[in-house]
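The structure appears below as structure tokens.
Order of the sequence lines sets the chain letters (A, B, ...), proteins ahead of strands, with each chain counted from 1.
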There are 2 protein chains.
Amino acid sequence: MGSVTLDDVARQADVSAKTVSRVVNGEHSVRPITRQRVLRAIEQLDYRPNMLARGLSGAHAYTIGLVYDNPNAYYIIGMQEGALSACDDLNFGLQVRPVNSRTDGLADRLRGFVQRSRLSGLVLTTPVSERVAELRRLATYRIPFVRIVSAARDPGGEFPCVYVDDRDAAHAITTHLLQLGHVRIGFLRGGKHHHASAERLRGYKDALRDYGIPLRNDLMIEGDYVFDDGFRGARRLFDLAEPPTAIFGCNDEIAAGALAAAQSTGLHVPYDVSIAGFEDSPFSRHSWPPLTTARQRADIIVERATRMLIARIRGEATENEGFNPELLVRGSTAPPRPREQRRKRR
Amino acid sequence: MGSVTLDDVARQADVSAKTVSRVVNGEHSVRPITRQRVLRAIEQLDYRPNMLARGLSGAHAYTIGLVYDNPNAYYIIGMQEGALSACDDLNFGLQVRPVNSRTDGLADRLRGFVQRSRLSGLVLTTPVSERVAELRRLATYRIPFVRIVSAARDPGGEFPCVYVDDRDAAHAITTHLLQLGHVRIGFLRGGKHHHASAERLRGYKDALRDYGIPLRNDLMIEGDYVFDDGFRGARRLFDLAEPPTAIFGCNDEIAAGALAAAQSTGLHVPYDVSIAGFEDSPFSRHSWPPLTTARQRADIIVERATRMLIARIRGEATENEGFNPELLVRGSTAPPRPREQRRKRR
DNA sequence: GCGTGAAAAGACAGCGCTGTCAATTTGCGC
DNA sequence: GCGCAAATTGACAGCGCTGTCTTTTCACGC
């Protein structure tokens with residue numbers, strides 16, 4: 001209804017529709033003079049390409065897919081915002097796709113998804129981005145994608161990516177605790193299958209090693225990225241003969257669980273025990289005390305990944321980019337108390 | 001590339017493409033026998049309509065818009081899930097649209113959004129759904145929409161809607177506190193411009209009235225739906241000469257703020273003060289103690305609204321539907337202590 | 001069995017754009 | 001100014017579906 005079409009522009013600029021199409025899509029083989037004329041016509045008419053027609057006609061729908069497997073609402077919203085902002089800016093559409101990353105045939109399901117919606121490419125977030133074998137397969141299907149991964153440095157190699165240095169951030173958090181004087185620091189690990197979790201554990205270990213403190217297995221507790229595991233894990237730590245004076249939770253939800261465990265045990269945070277998280281989710285800001293954590297800007301990270309993906313779809317070359325989460329010290333961490341002053345459990 | 005088209009199905013079912021189209025779109029001038037045949041063919045071939053072609057060809061894009069103005073990530077995800085589930089089921093696409101509901105020209109911006117993407121209709125969530133004048137305008141543009149509103153009973157009248165009885169739920173929560181023996185109950189109000197907030201306040205007032213307890217203005221504090229207002233509001237209540245023994249926060253985030261305020265003041269929840277929220281967000285489950293609250297299933301509510309919208313787009317008649325949030329009693333509420341036992345503030 | 005109106009099914013023409021390939025123009029060396 | 005390859009530009013045929021209009025079939029009363 002009344003909307004301006006390619007043909008209108010073509011008539012106005014006195015060229016063929018195809019030439020207008022070429023200009024709109026930034027193809028090379030148009031003379032500057034012609035391009036000018038077309039651009040002027042586009043502006044005069046306030047023309048906007050019809051996504052539907054573009055997608056139906058062309059090889060792909062000028063739409064990218066954001067693929068995730070993550071229960072964390074805040075994280076998802078952040079990622080969505082980032083992707084949307086890049087897509088709006090570059091005239092692409094966005095489709096959001098939750099998947100189960102642990103099942104077989106992931107690559108094939110993703111291909112199905114891409115084909116059905118004629119997606120131009122995929123942004124793969126962790127932990128989907130860690131299934132390298134499936135990714136290889138995806139690549140053989142010639143589906144463009146950019147992954148977001150946890151890595152201390154540019155992994156280079158096979159696939160384009162945006163990398164986040166979880167290890168360094170975990171190192172910083174642990175060092176912060178060490179500098180406060182903590183020696184027995186518990187670690188509540190997140191999803192076994194998440195590489196990010198392993199990286200954070202490694203940062204923790206490295207920091208302890210730097211301070212010459214031997215690792216103790218009873219202080220490192222397995223679990224998932226969920227509140228209940230944080231709660232139970234922290235309880236186990238408190239029950240040790242020599243409980244830790246600080247606990248580092250692999251993400252904010254785990255740390256919130258640890259915080260609740262402390263409070264339910266009558267322990268005062270941070271006086272009796274320090275607790276740190278990872279993520280800077282609302283959890284960490286809206287607890288009492290607010291949690292020391294590492295800020296990870298999911299929105300910015302995904303926006304960069306999305307821009308990279310679109311650049312690649314357009315045939316441009318790209319370089320991998322890295323991000324460093326930032327240490328955020330808040331009220332949940334403090335120096336340990338001398339032993340005798342520590343409060344009794346109720 | 002190998003994707004199954006309408007024609008393939010038509011051939012398989014030995015009918016015309018148009019008939020398949022009719023079946024897919026739930027039009028009702030198809031004989032049951034024929035419909036069966038077509039459905040079987042669709043299943044055999046695993047046919048899925050191509051959104052792009054549908055949108056290009058038809059008067060609208062078989063895609064609905066979910067419009068919200070809400071900072072609460074958890075809520076948004078819930079709504080998205082509900083809408084997506086209905087859309088997937090009914091072969092519609094979904095576009096998500098955050099807006100600022102307080103600005104002028106809302107209807108015109110929504111129209112722009114609808115026209116650009118050729119949306120078939122809109123699901124309007126609170127508080128967007130409360131701008132009645134703008135809605136009237138939207139209706140004159142002949143844009144189909146369904147609103148989600150806060151109301152104690154079917155508002156009937158002008159626009160189709162799904163209504164949620166916030167008042168009754170707030171009444172239930174307040175009654176729960178009264179039955180525990182609380183008399184001085186504070187109320188932390190959410191967004192002034194949200195009708196839901198007014199409804200919850202009214203439920204609170206009604207319950208007090210039912211128990212013959214006079215309202216006290218110093219116990220009702222204005223604020224927004226955010227943590228900090230909950231924190232500050234609760235602090236003000238604690239500073240009263242006669243502080244309340246229970247606080248009802250207008251949503252979970254406010255209640256979380258009140259909880260933090262209590263903890264930061266050295267008050268023990270629920271022994272020194274009871275706290276209740278509204279929403280059943282992760283906040284309420286992941287705090288210590290977990291919050292008594294009212295469960296509001298954003299996903300289910302929005303799913304219903306989406307189905308209603310699509311039915312209307314298809315020209316079917318619909319009836320408004322109501323939902324009642326459910327009281328969830330958890331650890332943050334308990335009987336008040338006799339006065340002398342109440343703990344001193346530090 | 002026939003006539004009738006309504007219900008069901010089909011034919012056909014695009015929707016706005018891009019891929020393909022053919023036609024035209026340009027630039028350049030001689 | 002000519003010839004030729006390369007650079008530009010254009011013509012045309014769909015992409016997969018639905019709206020419109022037409023044809024066919026059905027149900028029913030006599």
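At a cut-off of 3.5 angstrom, the base of dG16(C) holds no donor-acceptor pair with the side chain of Arg48(A). No N or O donor and acceptor, one from the side chain of Arg118(A) and one from the base of dG16(D), sit under 3.5 Å apart. At a cut-off of 3.5 angstrom, counting only N and O atoms as typed in the model, there is a donor on one side and an acceptor on the other between the side-chain of Ser57(B) and the base of dG14(C).
Across all strands shown, Val15(B) has heavy atoms under 4.0 Å from sugar-phosphate atoms exclusively, and none from any base.
Between the side chains of Gln12(A) and Tyr47(A), no donor-acceptor pair of N or O atoms lies under 3.5 Å. Counting only N and O atoms by type, the side chains of Thr19(A) and Ser16(A) include a donor and acceptor under 3.5 Å apart. No donor-acceptor contact under 3.5 angstrom links the side chains of Arg109(B) and Asn100(B), judged on distance only.
Comparing the start and finish of the helix from dG1(C)-dC30(D) to dC30(C)-dG1(D), five pairs each, the helix axis swings through 20°, to the nearest 10 degrees.
The nearest whole Å value for the distance from the CZ atom in Arg35(B) to the P atom in dA7(C) is 15 Å. Rounded to an integer number of Å, the gap from Met51(A) CE to dC15(D) C1' is 17 Å. Atom P of nucleotide dA6(C) and atom NE2 of His28(B) are separated by 15 Å, given to the nearest angstrom. Rounded to an integer number of Å, the gap from CZ of Arg22(A) to P of dG10(D) is 8 Å. Atom pair Asp7(A):CG and dG10(D):P shows a separation of 12 Å (rounding to whole Å applied). Following rounding to the nearest Å, Leu52(A) (CG) and dG14(D) (P) show an atom-to-atom distance of 22 Å. Spacing between atom CD of Glu27(B) and atom C1' of dT20(D) amounts to 12 Å, rounded to whole angstrom units. Counting to the nearest Å, the C1' atom of dG19(D) and the CG atom of Leu6(B) are 14 Å from each other.
Identified under the salt bridge (charged side-chain N to carboxylate O under 4.0 Å, His left out) test for residues 298-313 of chain A, with sequence neighbours left out: Asp89(A)-Arg307(A), Arg297(A)-Asp299(A), Glu303(A)-Arg307(A), Arg304(A)-Glu321(A).
Considering only side-chain atoms of Arg54(B), the nucleotide from dA9(C), dT9(D), dT18(D) that sits closest is dT18(D). Closest to the side chain of Leu56(A), out of dC17(D), dC15(D), dA8(C), is dC15(D). Taking every side-chain heavy atom of Lys18(B) into account, dG10(C) is the closest of dG10(C), dG19(C), dC17(C). Nearest to the side chain of Asn50(A), among dG16(D), dA8(C), dC17(C), sits dC17(C). Listed nucleotides: dA8(C), dT8(D), dT18(C). Nearest to the side chain of Arg31(B): dA8(C).
Taking a cutoff of 4.0 Å between a charged side-chain nitrogen and a carboxylate oxygen, Arg136(B) and Glu158(B) qualify as a salt bridge.
Put simply, Tyr47(B) has a side-chain N or O that comes within less than 4.0 Å of OP1 or OP2 on dC17(D). An OP1 or OP2 oxygen of dG10(D) is reached within less than 4.0 angstrom by a side-chain nitrogen or oxygen of Ser16(A). Within the structure, a side-chain polar atom (N or O) of Thr34(B) is placed less than 4.0 Å from OP1 or OP2 of dA9(C).
Taking both residues in full, the closest heavy atoms of Arg314(B) and Asn25(B) are given as NE-O, 3.5 Å, listed atom of the first, atom of the second, then distance.
Although no hydrogens or angles enter the test, the distance criterion places no donor-acceptor pair under 3.5 Å between the side chain of Arg147(B) and the main chain of Val128(B).
Nearest-nucleotide positions on DNA chain C for Thr19(B) and Ala53(B) put Thr19(B) closer to the 5' end.
Not less than 6.0 angstrom separates the ring centroid of Tyr163(A) from the ring centroid of Phe323(A).
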